[in-house]
Amino acid sequence: MTGGCGFIGSAVVRHIIRNTEHSVLNVDCMTYAASEDTVAEVASDPRYSHARANIVNGVEMQRLFEEYRPDAVMHLAAESHVDRSIDGPGVFIQTNVVGTYSLLEAARKYWNGLGNEEKAAFRFHHISTDEVFGHLEPNDPPFTETTPYDPRSPYSASKASSDHLVRAWYHTYGLPTFVTNTTNNYGVWHFPEKLIPLVTINAIEGRELPVYGKGENIRDWLFVEDHAEALVRAVEIGKPGETYAIGARQPRTNLEVVKKICAVLDELLPDPEGPRERLIRYVTDRPGHDFRYEIDPSHAEKELDWKAKNNFETGIRKTVQWYLDNRDWWEGIRSKRYTGQRLGTRA
């Protein structure tokens, strides 16, 4: 697995070690958003290993394939913050496009050397985003596996590019690849630059709660532990050449999300100065801000025999409670790496 110390990747690692008999090699070069704390609870398990390596390094990827002899690849490593991609798209192209190419080539060379039975069983699972589909107007039907690509940001364009590479390696070389696209994830161990952890932490500390524009942009929210379960199901039974759109049918406007976080915190940790909605501040929207994302997960639910267990209300309560219970982790990040400032402000 690549990116196993990131937000979604670490949830997959924890799920694999807790709930399956699989072993996992976590390939993660430890960028600013990665944290070994996210996998600390399973790091001592003999079925877990961590290689600190960059997927752009094809020689190193080839070495890891030969040393560990995997049955499958789960490719989650990616630069993923839209705002940062606006200011500095280069690293997104390197990691998301060049890195995916390097990993595909290393996987192809390894796969070509396998016996017939092992070749047939091997899978390359590429984890992507619904942002590759562009955006939806209020009355448009949700995205499905057949929605045309229409990326609108450097981030989503880089992920669209990687999706196309993965499918090309299937059609051209026969490498047994498939793609999953998902909507916005949230949950525990989420790096504080993203909306839900940023607002939660700011609200705990009594800081202003920034909301882009009028807060009307809509996202379809999926609890990260539900997504992790779906991804493991996919790598176990997914079919080469397929696409699975994974979601939880939980669309909310950004303003609804922020107000829900405030309400939960007001209940769990009342603020003597009053309800936290008073802290909401509307800030200048980011360039090219997609209006709405939403996924119809019917195909994935049927083919993977999976359905999200958490609705938004239960998931956000678990998330807020976790940030209340794990101050040491995010306070350490706030003091050393990320103080809560807006990223990607250049138009």
Side-chain angles (χ1 to χ4, degrees), residues 1 3 6-9 11-12 15 72-78 80 82 96 100 123-153 155-171 176-187 217-252 290-312 315:
M1 175 192 299
F7 172 48
I8 298 174
V12 177
H15 178 80
V73 174
M74 299 182 75
H75 178 32
L76 292 104
S80 65
V82 174
N96 300 353
T100 299
R123 295 291 182 270
F124 187 109
H125 176 190
H126 177 62
I127 290 82
S128 190
T129 171
D130 59 355
E131 296 190 37
V132 298
F133 301 125
H135 81 149
L136 297 168
E137 297 297 338
N139 296 319
D140 288 343
F143 300 132
T144 69
E145 290 78 3
T146 61
T147 300
Y149 275 39
D150 185 22
R152 304 291 187 93
S153 71
Y155 162 62
S156 58
S158 69
K159 289 298 290 184
S161 300
S162 64
D163 292 6
H164 291 321
L165 288 173
V166 169
R167 293 191 177 101
W169 261 241
Y170 167 71
H171 289 290
T177 69
F178 67 92
V179 175
T180 56
N181 299 90
T182 191
T183 188
N184 282 42
N185 280 217
Y186 70 99
N217 298 75
I218 298 169
R219 298 293 180 263
D220 188 3
W221 293 96
L222 174 63
F223 192 56
V224 70
E225 292 178 6
D226 289 332
H227 188 203
E229 181 182 15
L231 293 180
V232 173
R233 288 289 294 162
V235 81
E236 290 173 337
I237 64 175
K239 298 176 182 177
E242 260 280 16
T243 302
Y244 304 99
I246 298 171
R249 308 175 192 268
Q250 297 290 323
R252 299 287 189 279
D290 291 340
F291 177 70
R292 170 177 163 242
Y293 306 137
E294 188 175 346
I295 273 180
D296 176 356
S298 300
H299 177 68
E301 289 173 342
K302 179 182 177 183
E303 295 299 316
L304 303 179
D305 189 24
W306 166 91
K307 193 170 185 178
K309 295 182 174 70
N310 292 273
N311 62 31
F312 186 75

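Every value quoted in this text rests on a predicted model; they were computed, and no experiment measured them.
Checking R167 against T243 by side-chain atom types alone, a donor-acceptor pair falls below 3.5 Å.
Y244 is not listed as a side-chain neighbour of P297, based on a closest heavy-atom distance of 4.5 Å or more. Under the 4.5 Å side-chain criterion, counting only non-hydrogen atoms from C-beta, R219 is not in contact with R252. Residues V132 and N181 have side chains in contact (heavy-atom distance under 4.5 Å, counting atoms from C-beta outward). Taking the side chain as every heavy atom from C-beta outward, V12 and M74 approach each other to under 4.5 Å.
By the ring pair (Phe, Tyr, Trp, His ring centres under 6.0 Å) test, H125 is found to be paired with F178, residues two or more places apart in sequence or in another chain being considered. Under the rule for a side chain to side chain donor-acceptor pair (under 3.5 Å), the partners of H126 that lie at least two apart in sequence or sit in another chain are S162, D163. For N310, the side-chain contact (heavy atoms from CB on, under 4.5 Å) partners at least two apart in sequence or on another chain are F223, D226, T314, K318.
The two atoms that bring A245 and A300 nearest to each other are O-CB, 3.4 Å, heavy atoms only. Across all non-hydrogen atoms, the minimal contact from V224 to A11 is CG2-CB, 3.8 Å. Between S298 and R249, the shortest heavy-atom contact is OG-NH2, 3.3 Å. Between D220 and P251, the closest heavy-atom pair is OD1-N, 3.7 Å. The minimum heavy-atom distance between E131 and S156, with the atom names listed, is O-CB, 3.4 Å. Smallest separation of non-hydrogen atoms from R152 and G134: CG-CA, 4.1 Å.
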Chi angles and distances behind the side-chain contact (heavy atoms from CB on, under 4.5 Å) call for I127, L231:
CA-CA 8 Å; I127 290 82; L231 293 180; 3.8 Å; yes

Let me see the working for M1 and V73 under side-chain contact (heavy atoms from CB on, under 4.5 Å), right down to the final yes or no.
CA-CA 6 Å; M1 175 192 299; V73 174; over 6 Å; no

Where do D290 and R292 land on the salt bridge (charged side-chain N to carboxylate O under 4.0 Å, His left out) test, with the steps shown first?
CA-CA 6 Å; D290 291 340; R292 170 177 163 242; over 6 Å; no

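Taking the six-membered ring for Trp and thresholds of 30 and 60 degrees, F133 and F143 have ring planes inclined between 30 and 60 degrees apart.
Ion pairing between a basic and an acidic side chain is recognised when a charged N comes within 4.0 Å of a carboxylate O; K309 and E229 show such pairing.
One finds the OG1 atom of T180 at 11.5 Å from the CG atom of D130 (value rounded to the nearest 0.5 Å). For the atom pair W306 CH2 and I237 CD1, the distance stands at 12.5 Å (nearest 0.5 Å). In this structure, OH on Y293 lies 9.0 Å from OG1 on T183, to the nearest 0.5 angstrom.
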